Amino acid sequence: MTDEKLDQILKQALAPEISDREIRVYGRRKSKMKKFGKIEKAAVVAVAVVGIGGLGYFNPALSAKIPLIGRVFEKVEDTIIYSGDYTGKETVLTNENYVGNLDTLDYSVSDKGIILTASEVYCDGYSIFLTVNIEAEEADFTHIPEHYTSMNVTDNQTAAGFYIGGTWSVDGNSLEQFENTFEGKVIDSHTFVGILKMDLAEKLVGKGELNLNVNGLGYDDDRMLDSQEISASHWTDGNWNIVIPFETNETDVKTVEIDEKKGNITLDNIVISPYQVIVHVTTPGKQRELTDDRREKLLSKDPDMTDAEMLELLGWSYEPCQTICFNQDGEMLYSDMEMAGRAGFAVQGKEIKTLYIFIFENLNDWVQMENEGINSSVADKAVIAKEIHIE
């Protein structure tokens with residue numbers, strides 16, 4: 001079962017005993033624990049899903065006459081986790097006219113009855129945000145469940161999730177796996193639009209070339225919630241490969257150097273872009289077993305590999321810590337996936353004048369502070385607690 005359904009399942013099963021916020025906190029807590037392998041399976045006693053009837057789906061026969069490709073950011077920018085106004089910051093790759101004809105076929109590919117079209121791209125130097133349009137005549141996307149994407153349920157900010165498999169790379173560097181899902185909106189039964197967010201291993205300046213190698217696409221179906229495993233219940237294997245040029249847009253992107261070390265953790269710097277806050281942290285290394293697979297990779301290593309890749313192949317990994325972030329108003333920023341060396345947070349239109357960063361080694365302390373907020377009783381247990389003023 002996907003994490004994006006869990007808050008809805010709990011809402012049905014436990015309401016009104018617990019609040020909407022508590023349900024969402026549990027869902028995010030489960031997600032965070034799952035990423036670190038610290039949670040076991042739990043039995044589910046009820047099922048529910050956010051209704052999607054209010055989105056106003058178009059008649060498929062009419063949707064082709066409404067220009068969509070080239071304007072996907074506009075359609076989804078208010079609902080996704082990394083929400084915000086993308087107007088003027090993106091590069092439009094593909095446009096369509098009022099009858100649905102594309103102005104270029106360079107960024108559109110079809111296989112197994114599914115057309116994948118890259119619409120727009122934005123890069124802040126640390127992540128690539130790519131909008132895509134997915135069309136499938138044999139599909140019925142109107143039953144894709146939605147999930148909350150805001151810290152506050154009252155915002156009524158929800159998005160649909162779509163599964164993607166395959167790899168991506170930039171400028172011929174090492175291949176990266178796609179995240180499990182990406183977010184967007186169902187336009188009609190045959191059309192889905194969304195944003196792929198890809199985090200770069202190193203800061204990129206100037207121009208680049210993104211290679212997409214998609215080998216599978218799928219989605220959940222709210223009519224199959226009774227089945228034991230509905231993740232990507234509609235899945236199609238295929239090949240959708242596109243090469244996309246892009247250029248870093250450093251407008252409104254700021255970096256604050258910190259270089260503060262406490263114990264074995266160093267807070268290196270904070271990056272603030274229009275849509276995300278990134279906390280860069282150096283954590284202790286941990287020796288890993290040199291398996292036959294790693295040994296084989298070492299023997300055939302690429303001379304252009306980065307230091308991080310070399311360390312990984314040599315059997316070393318950096319352990320992630322638990323980071324939480326608030327702004328000057330005490331608003332907690334939405335915490336996305338945290339990996340070794342980098343914690344990402346969605347700005348979601350919040351004003352960022354001052355940031356309060358708390359870095360924990362203990363996951364339970366992180367969970368407690370997420371529940372209690374900036375004045376949590378565990379604040380003094382943070383290895384690093386830093387107040388950062390943004391000019």
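FYI, side chains are in, hydrogens and waters are out, and symmetry mates aren't considered; it's all heavy atoms of this structure. What you see is a predicted model; the values in this text were computed from it and never measured.
For the atom pair OH (Y107) and OG1 (T94), the distance works out to 7.0 Å, reported to the nearest 0.5 Å. In this structure, H147 NE2 and T79 OG1 are separated by 9.0 Å, a value rounded to the nearest 0.5 Å. Put simply, CG on L116 and OG on S108 are 7.5 Å apart, with the number rounded to the nearest 0.5 Å. Note that CG of N215 is 11.0 Å distant from CG of D111, once rounded to the nearest 0.5 Å. For the atom pair CD1 (I187) and CG (N133), the distance works out to 8.0 Å, reported to the nearest 0.5 Å. Separating the CG atom in D365 from the CG atom in D380 is a distance of 9.0 Å, to the nearest 0.5 Å.
Placement of L217 and L210 within a single hydrophobic cluster is found when ILVMFWY residues are connected by side-chain heavy-atom separations under 4.5 Å, directly or transitively. The hydrophobic clustering, which links ILVMFWY residues whose side-chain heavy atoms are closer than 4.5 Å, places L102 and V132 apart. Put simply, I357 and I390 are part of the same group of oily side chains (I, L, V, M, F, W, Y) that touch within less than 4.5 Å, one to the next. Under the 4.5 Å side-chain heavy-atom criterion for grouping Ile, Leu, Val, Met, Phe, Trp and Tyr, I69 is not connected to F162 through any hydrophobic cluster. Residues L68 and V92 do not share a hydrophobic cluster, defined by chaining ILVMFWY side chains whose heavy atoms lie under 4.5 Å apart.
Between H234 and Y219, the ring-plane angle classifies as parallel under the 30° and 60° cut-offs. Using the six-membered ring where Trp is involved, F358 and F326 have ring planes that are perpendicular, over 60° apart on the 30 and 60° scheme. Ring-plane geometry between Y275 and Y86 is classed as parallel, the angle between the planes falling under 30 degrees on a 0 to 90 degree scale with a further cut at 60. Ring pair Y163/W235 is perpendicular by interplanar angle, where above 60° counts as perpendicular and below 30° as parallel.
Listed by chain and residue number, E260 satisfy the salt bridge (Lys or Arg N to Asp or Glu O under 4.0 Å) test with K262 (two or more places apart in sequence, or in another chain).
Side-chain contact check for S127 and Q276: at least one donor-acceptor pair (N or O, by modelled atom type) lies under 3.5 Å. When only modelled atom types and interatomic distance are considered, T91 and E247 share no side-chain donor-acceptor pair under 3.5 Å. Defined by atom type and a distance below 3.5 Å, a donor-acceptor pair is missing between the side-chain atoms of T266 and D268.
Without hydrogens or angle criteria, N152 side chain to D155 main chain gives no donor-acceptor distance under 3.5 Å. Judged purely by atom type and a 3.5 angstrom limit, Q368 has no side-chain atom pairing as donor or acceptor with the backbone of S376. In this structure, S169 contributes its side chain and S174 its backbone to no donor-acceptor pair below 3.5 Å. E135 contributes no side-chain N or O that, together with a main-chain N or O of H190, makes up a donor-acceptor pair within less than 3.5 Å. E338 contributes no side-chain N or O that, together with a main-chain N or O of D336, makes up a donor-acceptor pair within less than 3.5 Å. At least one donor-acceptor pair closer than 3.5 Å links the side chain of D140 to the backbone N or O of T142. Put simply, the side chain of D329 never gets that close to the backbone of E331: no donor and acceptor are under 3.5 Å apart. Side-chain atoms of K112 come within 3.5 Å of backbone atoms of D237 as a donor-acceptor pair (strictly under, hydrogens ignored). Between the Q328 side chain and the K353 main chain, a donor and an acceptor come within less than 3.5 Å of each other. Between the side chain of N327 and the main chain of E351, a donor-acceptor pair closer than 3.5 Å is present.
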### Message
Pair T149, I80 - check side-chain contact (heavy atoms from CB on, under 4.5 Å), show working.
### Response
CA-CA 6 Å; T149 58; I80 57 173; 5.8 Å; no

#### Entry: Trace of the side-chain contact (heavy atoms from CB on, under 4.5 Å) decision for T354 with E387
CA-CA 7 Å; T354 302; E387 178 180 339; 3.8 Å; yes

### side-chain contact (heavy atoms from CB on, under 4.5 Å) between F345 and S335, intermediate numbers included
CA-CA 5 Å; F345 302 86; S335 174; 3.8 Å; yes

### Message
Please evaluate residues S83 and D78 with respect to the criterion side-chain contact (heavy atoms from CB on, under 4.5 Å), reporting the C-alpha separation (whole Å), side-chain torsions for both, the decisive distance (0.1 Å), and the verdict.
### Response
CA-CA 5 Å; S83 55; D78 293 330; 5.8 Å; no

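Of all non-hydrogen atoms in N269 and E257, the two that sit nearest each other are CB-OE1, 3.6 Å. In this structure, G125 and L200 approach most closely via the heavy-atom pair O-CD1, 3.6 Å. Contact record, P67 with E96: C-OE2, 3.5 Å, taken as the closest heavy-atom pair. Shown here for F360 and V378, the closest heavy-atom pair between the two residues is CE2-O, 3.4 Å. Closest heavy-atom contact between W366 and T323: NE1-O, 2.8 Å. Closest approach of W168 to D199, counting heavy atoms only: CH2-O, 3.4 Å.
Contact of the E74 side chain with the T87 side chain is not registered, since no non-hydrogen atoms from C-beta on lie closer than 4.5 Å. Using a 4.5 Å heavy-atom cutoff, the side chains of F129 and K89 are not in contact. Using a 4.5 Å cut-off on side-chain heavy atoms (C-beta onward), L333 and K350 make contact. Residues F246 and I128 have side chains in contact (heavy-atom distance under 4.5 Å, counting atoms from C-beta outward). Counting heavy atoms from C-beta on, the side chains of P274 and V253 come closer than 4.5 Å. Side-chain contact check for V109 versus V214: every heavy-atom pair is 4.5 Å or farther apart. Residues V383 and N264 are not in side-chain contact: their nearest non-hydrogen atoms beyond the backbone lie 4.5 Å or more apart. A heavy-atom distance below 4.5 Å is not found between the side chains of I242 and W240.
Annotation: E138, atom CD; neighbour count of heavy atoms from other residues, nucleotides and ligands within 6.0 Å does not exceed 12. By the 6.0 Å contact criterion, NZ on K381 is open, its count of non-hydrogen atoms from other residues, nucleotides or ligands being 12 or less.
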